[in-house]
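Letters go in sequence order (proteins before strands), and every chain restarts at 1.
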Protein chains: 2
Amino acid sequence: MSFAKRDDEKEPKSTVETIQTEILQRICFLDYQPGYQLKEAELAAEFCVSRTPVRDAISRINHLGLVETRNGVGTVVVALSAAQIRHVYDMRLELAKLIGTESPREITRNDCERGQDLLNAAHALLLDFDPRRYVEINHHLHGLIADLIGNSVLQSFWWQTYYQAASTWYQVSLQMGAEVAQALVAELEDINRALEHGDITAIGFIQRTHIGYGYQRINLHLLSPEAK
Amino acid sequence: MSFAKRDDEKEPKSTVETIQTEILQRICFLDYQPGYQLKEAELAAEFCVSRTPVRDAISRINHLGLVETRNGVGTVVVALSAAQIRHVYDMRLELAKLIGTESPREITRNDCERGQDLLNAAHALLLDFDPRRYVEINHHLHGLIADLIGNSVLQSFWWQTYYQAASTWYQVSLQMGAEVAQALVAELEDINRALEHGDITAIGFIQRTHIGYGYQRINLHLLSPEAK
DNA sequence: AATGCGTAAGCTGCATGCAGCTAGCGAGTC
DNA sequence: GACTCGCTAGCTGCATGCAGCTTACGCATT
């Protein structure tokens with residue numbers, strides 16, 4: 001099981017993996033919005049490589065369903081339908097319940113420190129909100145929790161649904177602004193409490209709760225934007 | 001969500017997808033056993049294409065964790081550890097429970113007929129057992145059930161765990177012989193009953209039950225072969 | 001002015017050649 | 001005889017060129 005990608009792991013990643021992660025982040029952070037056309041030659045020039053590794057990276061992202069490549073046309077970032085977003089969130093709700101049960105690993109002192117760092121960063125966000133920073137903190141929080149999952153298959157699935165859902169978060173944060181920061185602080189406080197107690201099962205349920213909240217926000221601000 | 005692969009869909013598949021499916025089946029059917037070294041040039045010659053599409057196909061299979069590519073060495077079929085097999089089965093047990101709940105589609109007359117065909121094929125297997133035929137029927141049964149899943153993310157995950165577990169089934173069928181055919185007949189009888197009643201939730205639980213039986217067989221015959 | 005067609009530009013899919021890496025074998029040395 | 005070093009065969013990673021497909025623009029016709 002090797003597809004649980006992390007962007008802060010220490011070992012040097014291959015060229016293709018680097019490009020893949022970069023493109024993925026640009027999609028999640030909405031640098032590439034739905035409908036944007038990725039051109040292999042363009043990306044190849046930017047990363048100073050040939051089209052071959054770029055093609056490879058895009059081909060892998062295809063598996064997540066975030067882009068669609070058509071011959072003679074190009075690779076476009078897909079706009080997930082309301083039904084697909086619901087499917088992703090339904091699965092995340094179910095997967096969250098399994099985090100605590102599927103052979104988790106022990107919580108270490110290091111985990112607690114990472115949680116505290118993230119909480120501090122979230123507090124800073126309350127004073128000076130920045131959508132990109134918000135998504136970055138979310139990203140690190142996801143990495144922290146994914147690391148606790150012992151079942152490698154579940155870990156992989158958890159990452160896959162994360163990437164599929166991430167861009168919607170960013171859209172919401174653009175519309176709601178600092179409001180989402182408060183929700184993030186609340187989530188991190190809950191999670192830090194659970195980390196201190198070494199209670200992974202609780203972390204799963206906390207995640208499940210806040211995923212539910214997040215989906216409510218998406219329903220209000222994306223799928224029914226007239227209610228804004 | 002485009003990675004729910006089927007080998008019997010009607011639309012013409014691209015070269016890369018064809019090669020990918022073929023290699024995947026060879027791994028699942030143990031034509032390529034763990035440790036076998038896939039050579040791009042060799043496969044390219046066999047499929048009468050260049051190394052490029054073969055590389056692409058192998059790269060995609062990498063996501064399933066079934067092969068591992070190392071520079072200068074080659075691509076070898078990995079042997080899943082006992083822990084990984086357990087992880088896959090644990091996840092399949094959980095996913096099976098969701099089949100009936102995550103927005104399934106309606107059961108049609110066609111589904112029932114496909115189920116009957118498979119049952120007949122399984123009955124034939126009782127008289128003249130053939131391990132490959134056994135796996136093929138299992139494969140079609142999986143396709144039938146995966147088609148009933150309405151949640152595209154769950155459908156994708158269901159296929160992913162299927163490919164990760166399939167090769168272990170084949171190993172067991174080689175050791176147990178006709179015995180597994182009886183289990184397959186029993187499973188298909190249960191599933192056909194549920195199909196006739198249009199009860200998808202039941203199908204999920206039936207799958208869950210028989211996945212449990214399958215894991216027991218694997219524990220007996222693969223992970224503790226001395227108990228044979 | 002509207003419509004149909006042809007053509008060209010731009011993109012992806014694939015083939016091929018070369019560079020870099022790895023492993024294994026054999027010669028040389030202690 | 002055992003061990004070490006170097007070389008070579010074979011593989012993957014990447015660059016580049018060409019063919020095929022798609023789209024859009026412009027021109028001619030009605």
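Side-chain N or O atoms of B:Glu17 include none that pairs as donor or acceptor with a backbone N or O of B:Ala57 at under 3.5 Å.
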Report, one line per pair, each donor and acceptor closer than 3.5 Å where one atom sits in a side chain of residues 42-51 of chain A; sequence neighbours left out.
unit_1, atom_1, unit_2, atom_2, d
A:Glu46, OE1, A:Arg26, NH1, 3.1
A:Glu46, OE2, A:Arg26, NH1, 3.1
A:Glu46, OE2, A:Arg26, NH2, 2.4
A:Ser50, OG, A:Thr52, N, 3.2
A:Ser50, OG, A:Thr52, OG1, 3.4
A:Arg51, NE, A:Glu40, OE1, 3.0
A:Arg51, NH2, A:Glu40, OE1, 2.9

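A donor-acceptor contact closer than 3.5 angstrom links the side chains of A:Asn138 and A:Tyr134. In the model, B:Gln84 has no side-chain atom that pairs as donor or acceptor with a side-chain atom of B:Gln164 under 3.5 Å. Under the 3.5 Å distance criterion, with hydrogens and angles disregarded, no donor-acceptor pair is assigned to the side chains of B:Asn62 and B:Ser59.
In the set D:dT12, C:dT12, C:dA15, D:dT12 carries the atom at the smallest distance from any side-chain atom of B:Glu40. Of the candidates D:dA15, C:dG13, C:dT16, the closest approach to any side-chain atom of B:Ser50 belongs to C:dT16. Candidate nucleotides C:dT12, D:dG13, D:dC14 were compared by shortest atom distance to the side chain of A:Thr15, and D:dC14 ranks first.
Spacing between atom NZ of A:Lys39 and atom C1' of C:dG13 amounts to 18 Å, rounded to whole angstrom units. Per the geometry, CD belonging to A:Gln20 stands 13 Å off P belonging to D:dC14, to the nearest Å. The CZ atom of B:Arg51 sits 14 Å away from the C1' atom of D:dT16 (whole-angstrom rounding).
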Verify salt bridge (charged side-chain N to carboxylate O under 4.0 Å, His left out) between B:Arg60 and A:Asp56, making sure each step is shown before the conclusion. CA-CA 9 Å; B:Arg60 298 189 188 184; A:Asp56 209 347; over 6 Å; no
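Counting non-hydrogen atoms under 4.0 angstrom, A:Leu38 reaches the backbone sugars and phosphates but no base.
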Starting at the 5' end of nucleotides 20-25 of chain C, put B wherever the base has a protein heavy atom under 4.0 Å, S where only the sugar-phosphate does, and a dash everywhere else. BBS---
